[in-house]
Amino acid sequence: MSLFSATTLAPKLLLVGRMGVGKSSLFARLTGQLRHKQRKPLPTQSTRDWVLGELPLAGSSVQLVDTAGAASQQHSSVQLAAWQQTQQLLQRAAGVVLVTDATAGLLPQDQQLAQQLRATGKPLAVAVNKADGSTLQQQAVCLFSQLGLPVYPVSAYHGWGVIQLVDAVAKWFATHSNAPALQQQPAAADQPNAQPCFVVLGKPNAGKSTFLNAALQQDRYLTSPTAGTTAQAVAAVWQNPQGALYRLVDTAGLRRKSHVAAGWEKAATASSTAALRHAQVAVLLIDACVGVTQQDVKIASLIHRNRRGLVLVASKWDAARAQGQTQSDFTRQLERQMPFASYAPLQFVSAQDRRSVLRVLQTAQQVHTAYHQRLATAAVNRCLQQATQQHRPARCNNKLWKLYYACQDAQPPPLFYLVCNRPQEVEPSYERYLTRCLRQEFGFVGVPLKLVFRARERKEAHAE
């Protein structure tokens with residue numbers, strides 16, 4: 001299920017308007033992502049996949065939805081598809097705010113949108129954005145009052161007029177009997193940190209949005225053969241057969257740095273990397289028709305450096321198999337180019353076969369469990385002491401290396417502290433050996449392990 005339908009009783013307020021009027025900036029201001037006028041929003045491409053946030057009211061909240069801009073036949077097929085998605089969302093909205101631009105004035109397209117929105121019978125008001133200054137605010141009220149709707153001049157950048165708009169929203173849901181009751185305490189499905197988070201990463205056109213649509217069994221995300229269809233990280237909620245909820249985050253394709261243009265592409269890349277930092281497990285989609293590229297290796301390395309759980313996915317496998325590709329050949333290529341990610345499970349997926357998609361999500365759940373796995377100190381010591389007895393590191397300056405004790409850090413991802421007599425002389429090859437021993441004993445599928453070697457404190461050494 002999608003995040004939009006996760007709590008059907010919660011009221012949903014849509015921001016609708018032309019492209020470029022500042023809906024996303026107003027959304028960021030209303031949801032608390034833009035708190036100070038000195039923080040100018042990052043340049044972004046026009047919103048395509050709708051984005052959900054929470055608008056706090058006095059003792060309650062509503063779900064706020066940022067939508068794609070209104071499009072006509074002169075726009076691209078992707079923009080038209082995004083606008084069609086917005087029109088579908090209108091049917092489930094409890095209220096609508098038509099966002100316009102004070103600097104552009106009242107345009108015919110604003111009038112057409114107002115007529116279309118009025119026909120829905122939903123509570124409706126006009127937020128005239130970019131009304132920076134008292135003169136523009138007065139002009140906006142006079143000009144946009146022609147629409148016959150309540151007008152609220154606002155400035156998403158400076159925060160002016162936002163309180164009046166929020167007060168009006170609160171009155172809507174308090175006075176309109178056909179609107180759902182205000183949500184006093186957000187349900188678990190609406191809280192960003194309430195569920196485990198899986199982020200889907202990959203190059204442009206690797207099939208990320210198609211993969212997630214298959215998992216959610218609906219066209220939640222826009223898909224297109226055109227690279228760059230997804231412009232920002234967008235989350236939805238997936239419910240597994242056991243009823244547990246997980247956040248699935250679609251991201252913009254990650255290009256090579258030399259190919260990332262300034263502006264919205266840079267912001268899209270920043271959005272994807274930020275989504276990775278907030279996730280516990282990353283699902284890396286690799287286009288099997290193209291094979292493992294250097295950019296795939298760099299993305300996997302980024303996930304590894306951030307110490308997130310990793311699931312490798314060969315996407316578009318039906319098309320790759322038709323080209324003569326075999327699983328063994330692809331696996332060997334992966335092992336050759338990503339030796340640092342040998343711990344990551346590999347799945348072969350066709351978005352047409354939903355069973356293979358669900359296998360990936362089941363694997364991600366197993367990796368998430370391993371990500372939070374916490375071992376008893378006695379078990380860690382027993383495993384590592386046996387490993388050091390079976391294979392001791394090479395002597396340095398004719399002195400024997402000795403492990404005193406080891407323990408695991410309390411916080412995920414798995415981090416182990418090894419107290420020894422010569423921590424600075426442990427070679428990377430021996431560290432890899434100890435890591436393999438921990439994996440063989442305790443699993444940790446899909447999770448990068450980190451070992452930190454420390455010397456004993458003087459008090460401990462003195463006690464002996």
Side-chain angles (χ1 to χ4, degrees), residues 11-41 46-47 53 55-58 60-62 64-72 83 86 90 93-176 178-179 182:
K12 300 170 181 67
L13 178 67
L14 263 62
L15 300 181
V16 180
R18 296 181 291 106
M19 296 180 188
V21 297
K23 296 186 298 298
S24 297
S25 298
L26 182 59
F27 174 85
R29 173 68 67 178
L30 291 171
T31 55
Q33 300 172 27
L34 193 65
R35 297 183 181 275
H36 306 290
K37 67 179 184 180
Q38 290 82 3
R39 287 183 56 192
K40 194 169 183 177
S46 297
T47 299
L55 172 59
L57 303 176
S60 59
S61 65
V62 298
L64 186 66
V65 185
D66 182 21
T67 65
S72 59
W83 174 235
T86 298
L90 282 170
V96 184
V97 173
L98 173 60
V99 184
T100 59
D101 186 346
T103 61
L106 180 59
L107 300 182
Q109 194 175 5
D110 295 323
Q111 296 174 327
Q112 293 172 5
L113 276 174
Q115 292 178 0
Q116 180 181 349
L117 296 174
R118 189 184 284 109
T120 64
K122 312 283 186 182
L124 176 63
V126 179
V128 187
N129 192 26
K130 306 180 186 180
D132 301 335
S134 58
T135 302
L136 271 178
Q137 290 174 8
Q138 295 173 2
Q139 292 176 352
V141 173
C142 294
L143 183 60
F144 285 88
S145 293
Q146 300 177 38
L147 297 175
L149 297 168
V151 177
Y152 299 91
V154 299
S155 171
Y157 177 40
H158 295 279
W160 298 336
V162 172
I163 294 177
Q164 290 79 1
L165 178 61
V166 172
D167 289 343
V169 170
K171 292 178 181 178
W172 280 359
F173 296 109
T175 58
H176 284 77
N178 61 336
L182 285 179

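Heavy atoms only: backbone and side chains are in, while hydrogens, waters and symmetry mates are out. If you're wondering where the values come from, they're calculated on a predicted model, not measured in any experiment.
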Review point. Any donor-acceptor pair under 3.5 Å linking the side chain of Lys12 with the backbone of Gly95?
Key: no
Exercise for review: Mark yes or no for whether Gln146, through its side chain, and Leu143, through its backbone, hold a donor-acceptor pair below 3.5 Å.
Suggested key: yes
Distance from [X] atom [atom1] to [Y] atom [atom2], nearest 0.5 Å?
X	Y	atom1	atom2	value
Met19	Gln109	CE	CD	8.5 Å
Arg29	Leu165	CZ	CG	12.5 Å
Leu98	Arg118	CG	CZ	10.0 Å
Thr100	Leu147	OG1	CG	7.5 Å
Asp101	Phe144	CG	CZ	7.5 Å
Tyr157	Leu26	OH	CG	15.5 Å

I want to check something: taking the side chain as every heavy atom from C-beta on, are [X] and [Y] in contact at a cut-off of under 4.5 Å?
X	Y	result
Tyr152	Pro150	yes
Val166	Leu55	yes
Val154	Val128	no
Gln111	Leu106	yes
Pro153	Leu136	no
Val21	Lys130	no
Leu64	Leu15	yes
Val97	Leu14	no

Check your understanding: How far apart are the C-alpha atoms of Ser155 and Asp132, what are their side-chain angles, what is the distance that settles it, and do they pass the side-chain hydrogen bond (donor to acceptor under 3.5 Å, both in side chains) test?
Key -> CA-CA 6 Å; Ser155 171; Asp132 301 335; 2.5 Å; yes
Exercise for review: Please report the shortest heavy-atom distance between Ser24 and Asp66, naming the atom on each side.
Suggested key: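 So the minimum-distance heavy-atom pair works out to OG-OD2, 2.7 Å.
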Check your understanding: Is the number of heavy atoms from other residues, nucleotides or ligands within 6.0 Å of CD1 (Ile163) greater than 12?
Key ->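 It does not: Ile163 CD1 has 12 such atoms or fewer within range.
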